[in-house]
Structure formats: structure tokens, C-alpha cells
Protein chains: 2
Amino acid sequence: MVNMVVDKDSPLVEWLGATSLFAGVEGEHLWGLSGIAMVVSCKRRANIFSEGDPGNGFYLVKEGRVKVFMLSPDGKEQILHVIEPGESFGEVAVFAGQSFPAHAVALENCRLVFLPREDFVALVSGNPALALNLLAALSQRLRQFAKMIDALSLKEVPGRLAAHLLYLGEKQAAGNRLHLELSKTQLASLLGTIPETLSRILSRLQRDGFISIEGAEITVIDQQKLAELAEIGKF
Amino acid sequence: MVNMVVDKDSPLVEWLGATSLFAGVEGEHLWGLSGIAMVVSCKRRANIFSEGDPGNGFYLVKEGRVKVFMLSPDGKEQILHVIEPGESFGEVAVFAGQSFPAHAVALENCRLVFLPREDFVALVSGNPALALNLLAALSQRLRQFAKMIDALSLKEVPGRLAAHLLYLGEKQAAGNRLHLELSKTQLASLLGTIPETLSRILSRLQRDGFISIEGAEITVIDQQKLAELAEIGKF
DNA sequence: GAATATCTTTGACTTAAGTCAACAAGCCTG
DNA sequence: CAGGCTTGTTGACTTAAGTCAAAGATATTC
């Protein structure tokens with residue numbers, strides 16, 4: 001939480017109500033939330049928290065994106081999650097009552113909403129609907145993690161990449177054309193591999209006529225084949 | 001949920017209060033829980049649920065153990081979690097409001113407590129303390145999954161095995177001697193590898209004087225070296 | 001307790017993916 | 001816009017770990 005600046009911000013309530021975490025929470029409680037929230041800014045590449053830091057609160061992303069990742073002793077990283085505006089991170093430490101299990105770094109200049117643990121837990125204690133929202137959110141994340149474990153252990157890199165491309169396709173819903181929202185190095189880290197391997201596999205997919213590449217713009221040529229690859233996990 | 005028999009069981013309340021999920025929940029609410037609970041028995045190898053099944057409730061393990069796992073199209077499995085007595089599984093589907101994301105099979109003859117979704121959600125809605133317990137439990141699991149992803153992508157099999165042996169050592173707290181609670185095939189699946197590889201690595205660790213093996217009984221000879229291996233992740 | 005099924009180990013082989021190194025492109029930043 | 005830093009690509013090489021196959025060792029079950 002270094003290099004952050006606290007902002008004064010007013011129409012938070014509305015925004016909070018639009019996040020998936022707090023969707024459906026009544027106005028009264030939203031006010032409570034906004035009362036304990038702090039808006040902070042942080043720059044691209046700024047460290048938000050590190051593994052082992054005391055988890056005295058969690059964050060919502062207002063603007064920008066954040067990567068949450070594990071780091072091996074020799075510096076290789078595995079991205080667990082890329083947090084987009086409206087999403088949250090760090091809740092785990094709040095409810096497990098422990099330190100953060102991973103690192104968080106801003107991918108871009110960000111504006112974050114910080115919710116301090118004690119205050120937040122107090123609010124949740126008085127509001128079961130809020131608690132149910134949180135349970136749903138954590139469950140959703142657990143489900144994603146399970147998929148990730150599945151992919152890492154059961155699928156080869158081409159399979160994981162294919163699955164990711166299909167996911168982006170759905171998310172962006174822009175014809176056959178899609179944009180890899182991350183640098184290829186970061187994407188490699190998200191897929192649990194290294195840039196060299198990713199690069200080779202992308203060219204292979206292009207050579208074999210599955211996709212066509214222009215920088216970070218990918219055109220899906222054979223969605224069918226891509227889907228098979230994602231399904232069976234092997235080339 | 002095939003091949004299960006519903007039992008009538010009375011002193012459930014006490015037992016529920018002793019599970020980690022419901023520890024600290026007041027008697028009143030425990031009665032509520034026991035009111036909606038169904039005790040079921042299932043035999044070793046019985047399928048409890050499969051990926052995609054509608055998640056209309058979740059389970060606590062009363063006796064026996066259950067494995068939760070993902071399955072690749074060609075039948076390879078990755079164990080996500082081995083559930084021991086007093087622990088729960090399947091909650092994710094309840095709160096995400098979706099189908100089960102994984103398979104669950106009894107490792108031994110089991111006695112399970114089933115909590116139907118609708119009734120359970122109703123109870124949680126009226127009891128924030130219960131909700132906080134659940135949030136803590138899910139957070140805990142999320143943390144474990146994060147560790148697992150970390151291990152799968154950042155550590156080689158010897159490192160994962162070493163970490164597991166150290167974990168067992170702590171859990172069993174029985175001098176240097178420990179018991180691998182799973183068949184080696186199952187352990188391989190938990191570590192994200194295959195029996196052949198596990199077998200080779202176990203002999204290697206023995207040959208190099210890290211451990212000594214008698215069937216499923218392992219004696220840790222050089223805990224220091226094992227710890228290094230688990231830390232750096234490479235041989 | 002014999003018969004069968006399941007688990008474990010070992011060997012020879014293949015292969016996906018990591019490492020190291022060099023170079024080419026971008027892209028900030030001054 | 002020029003230099004330097006980060007990012008991406010390609011090639012040659014190494015290696016961890018998977019596959020296939022066969023034999024031994026345990027368990028289960030009838």
C-alpha cells in the first residue's frame with residue numbers, strides 16, 4: 001500500500017451499488033459501506049500488497065486493472081486473476097483473518113476503493129443479504145480457481161491458450177476479432193507458462209490456420225478447431 | 001447421489017456445533033440446521049455428485065473421507081481436495097447458484113450430512129454469524145487453492161511432494177514417522193502427476209537420503225533438505 | 001484362501017515445455 | 001528523434017515428466 005493517495009470522492013454510493021459484490025444491497029447499507037470506504041489512487045506497477053502482508057482490508061477496482069499473482073523464490077510469477085473495474089480483491093484475507101496469500105500490483109494507473117476489515121465485518125454482521133452476496137462472489141472465484149487447477153494439471157499450453165481465446169471471444173463479443181487485453185508476457189504468466197512458449201504456440205496456431213495474429217489483435221479463423229483444442233487439452 | 005441410504009440420527013446438533021463450519025454458532029441455530037439436515041450413508045467408491053449436477057445442497061462428512069476432483073476427457077483426474085470428518089464440500093454450488101464444478105466420490109464407506117440448498121440459504125439469511133463462518137471457510141479454501149495453483153505452475157513434482165510430506169508431518173505430529181493417508185495413485189492425482197512419476201521420485205528421495213519408505217509409512221530423515229526442496233521447488 | 005482385481009514399481013522411449021542466448025521491435029522519456 | 005529499456009520472436013539445446021509395457025506386490029471378494 002505504498003505510493004497511494006487518498007482522494008475525497010462523493011458519489012460512491014451509486015457506484016458501489018453497481019459492483020457485482022454489492023449489487024442488490026439496499027441503499028441504507030450502501031451508505032454504510034461508503035461511510036467506511038476510502039478511495040485511493042495508485043500508479044501503474046505500484047505494489048498494492050504483498051504475500052504475507054496483514055490483511056486489514058480489501059479493495060474494489062474503480063478504474064484501471066490489477067493483477068493478483070503468486071511469486072516463486074526465483075521470481076517467476078503465476079497470475080491468479082486480473083481484476084477489472086467493478087471487481088474486488090483481497091477479501092480472502094479479511095474473512096480468513098490472515099495475511100494476504102498473494103501479491104497485488106496495478107497493471108495500469110488505478111483508482112481503488114479500500115474497505116477496512118473491522119468496519120466491514122461489522123457491517124456484514126448486521127446484514128445477511130450482504131453476506132450472501134459475498135458468499136456468491138467467493139464461490140464464483142473458487143469455481144474459477146478450480147477450473148484453473150484443472151487446466152494447469154490436465155491441459156497442455158495450447159489447450160489453455162485456446163480456452164483463453166474462446167473466453168475472450170465471448171467476453172468481447174466482437175465478431176471473430178479479439179484483443180488480448182494483456183501483454184504477451186503477462187498472458188503467459190496467466191496461462192502458467194513463459195513468453196517463449198506462448199510465442200511459439202501462437203505462431204503454431206496461426207500456421208495451422210486456427211487464428212491470425214496482428215500484434216495483440218487476434219482473428220479467430222477456425223473456432224471449431226479452437227474449441228476442440230480447449231476441450232481435449234492436447235494438440 | 002446414487003446408492004445412498006437416509007438414516008435417522010438424533011444427536012446431530014452436538015456434532016454440527018463441533019464442525020469447523022458451524023463452530024461458534026448458537027444452539028438455537030444449530031437446531032435449525034439439524035432440522036433441515038439429512039444423514040446419508042454411502043459406500044466406498046460411490047459417486048456422490050458429478051460435475052454439472054445441479055447443486056441443490058451440500059455435504060458435511062461425518063465418517064469416512066471423500067475426494068473432490070476434476071476429470072479430463074481422457075479420464076485423468078486431478079484431486080482438488082480430500083474431505084475429512086468434520087469438513088464440508090459442495091458449498092460452492094449452493095452459493096454460486098450453479099451446478100457442481102467438480103466430481104465427488106467416497107474414498108471409504110461414509111456417513112454424510114446433507115443440507116438442502118433452499119432451507120440452508122434461508123437459515124443463513126437470518127443469521128449473520130453463520131454467514132461469517134461460511135465466509136471464513138470459503139476464504140480458507142480459496143487460500144488452499146491459490147497455494148495449489150502456485151505449486152502446480154511454479155514447482156516441480158519433487159517440490160510438491162516434499163511440501164506434502166512436510167504438511168503430513170505437521171498434521172500427524174508423530175515424530176519423524178508419517179503415514180500417507182492415500183494410496184500412491186491417489187496421492188499422485190492430488191499432486192497433479194501420475195503414479196509412475198511419483199514412484200520414481202519417492203525412490204529418488206529415499207536414495208538421496210531424504211526419507212525412508214516402508215509401504216505407506218515414510219520416515220523423514222532430513223527435514224531440512226525436504227524443506228529446501230519444498231521451498232525452491234526444484235531438485 | 002484361491003482367484004481376481006487393483007496398485008506399485010521399473011525400464012525404455014517420447015515429447016512438451018523450459019533454459020539460454022541472440023536479435024528484432026516497440027515504446028517511452030529525456 | 002535518438003538512445004535505452006522493456007517486450008516479443010526465433011533457434012539450439014536440455015530436461016522433467018508423460019506414455020507404453022511388463023512384471024511384482026497387495027488387496028478384495030466370493
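A note on names: the letters A, B, ... follow the listed sequences, proteins ahead of strands, and every chain is numbered from 1.
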Could you tell me which residues satisfy salt bridge (Lys or Arg N to Asp or Glu O under 4.0 Å) with [X], sequence neighbours excluded, listed by chain and number?
X: B/Lys67; answer: B/Glu77
X: A/Glu228; answer: none
X: B/Glu87; answer: none

Would you tabulate the side-chain donor-acceptor contacts of residues 192-209 of chain B under 3.5 Å, counting partners in other chains and residues two or more places apart, or write 'none'?
residue, atom, partner, partner atom, Å
B/Ser203, OG, B/Ser199, O, 2.7
B/Ser203, OG, B/Arg200, O, 3.4

Separation of [N] [atom2] from [X] [atom1] (nearest whole Å):
X: B/Arg45; N: D/dT29; atom1: CZ; atom2: P; result: 8 Å
X: A/Ile232; N: C/dA16; atom1: CD1; atom2: C1'; result: 15 Å
X: A/Leu198; N: D/dT10; atom1: CG; atom2: P; result: 12 Å
X: A/Glu214; N: D/dG8; atom1: CD; atom2: P; result: 16 Å
X: B/Leu202; N: D/dA25; atom1: CG; atom2: C1'; result: 16 Å
X: B/Ile218; N: C/dT8; atom1: CD1; atom2: P; result: 12 Å
X: A/Gln186; N: D/dT7; atom1: CD; atom2: P; result: 8 Å
X: B/Phe235; N: D/dA16; atom1: CZ; atom2: C1'; result: 12 Å

Problem - Short side-chain N/O contact from A/Thr185 to OP1 or OP2 of D/dG8, under 4.0 Å - result: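 For A/Thr185, the contact criterion (side-chain N or O under 4.0 Å from OP1 or OP2 of D/dG8) is met.
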Problem - Distance test, side-chain N/O of B/Ser203 to OP1/OP2 of C/dT9, below 4.0 Å - result: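 No, B/Ser203 has no side-chain N/O under 4.0 Å of OP1/OP2 on C/dT9.
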Exercise for the section: Check side-chain contact (heavy atoms from CB on, under 4.5 Å) between A/Phe89 and all other residues, then give those that pass, not counting sequence neighbours. Expected result: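 A/Phe89 satisfies side-chain contact (heavy atoms from CB on, under 4.5 Å) with A/Ile48, A/Phe49, A/Tyr59, A/Val61, A/Val66, A/Val68, A/Ile83, A/Ala104, A/Leu112 only.
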Practice task
Quick one: list whatever passes side-chain contact (heavy atoms from CB on, under 4.5 Å) with A/Ala96, sequence neighbours left out.
Solution key: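 Once residues adjacent in sequence are excluded, the partners of A/Ala96 under the side-chain contact (heavy atoms from CB on, under 4.5 Å) criterion are A/Gln98, B/Ser139, B/Gln140, B/Arg143.
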Any protein N or O atoms within reach of nucleotides 17-21 of chain C? Criterion: under 3.5 Å, listing atom names and distances.
residue, atom, partner, partner atom, Å
C/dA17, OP1, A/Val157, N, 2.7
C/dG18, OP2, A/Thr193, OG1, 2.5
C/dG18, OP2, A/Thr197, OG1, 2.8
C/dT19, OP1, B/Lys234, NZ, 3.4
C/dT19, O4, A/Arg200, NH2, 2.9
C/dC20, N4, A/Glu196, OE2, 3.4

Handout entry: Under 4.0 Å protein heavy-atom contacts per nucleotide of nucleotides 25-30 of chain C, with B for base, S for backbone only and - for none
Key = ------
Got a sec, which residues hit ring pair (Phe, Tyr, Trp, His ring centres under 6.0 Å) with [X], two or more places apart in sequence or on another chain?
X: A/Phe95; value: none
X: A/His81; value: none
X: A/Phe69; value: A/His103

Handout entry: Nucleotide nearest A/Ser183 when distance is taken to its side chain, options D/dT7, C/dT6, C/dT9
Key =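 Ranking D/dT7, C/dT6, C/dT9 by closest atom to the A/Ser183 side chain puts D/dT7 first.
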Practice task
Mind grabbing the angle between the end helix axes of the helix from C/dT8-D/dA23 to C/dG30-D/dC1? Five pairs an end, 10° rounding.
Solution key: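 The angle separating the two end axes equals 50°.
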Problem - Carboxylate-amine/guanidinium contact B/Arg65 B/Glu108, below 4.0 Å - result: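 Salt bridge: yes.
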Problem - Residues B/Glu214, B/Arg177: salt bridge by 4.0 Å N-O rule - result: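 Looking at B/Arg177 together with B/Glu214, the answer is yes, because their closest N to O distance falls below 4.0 Å.
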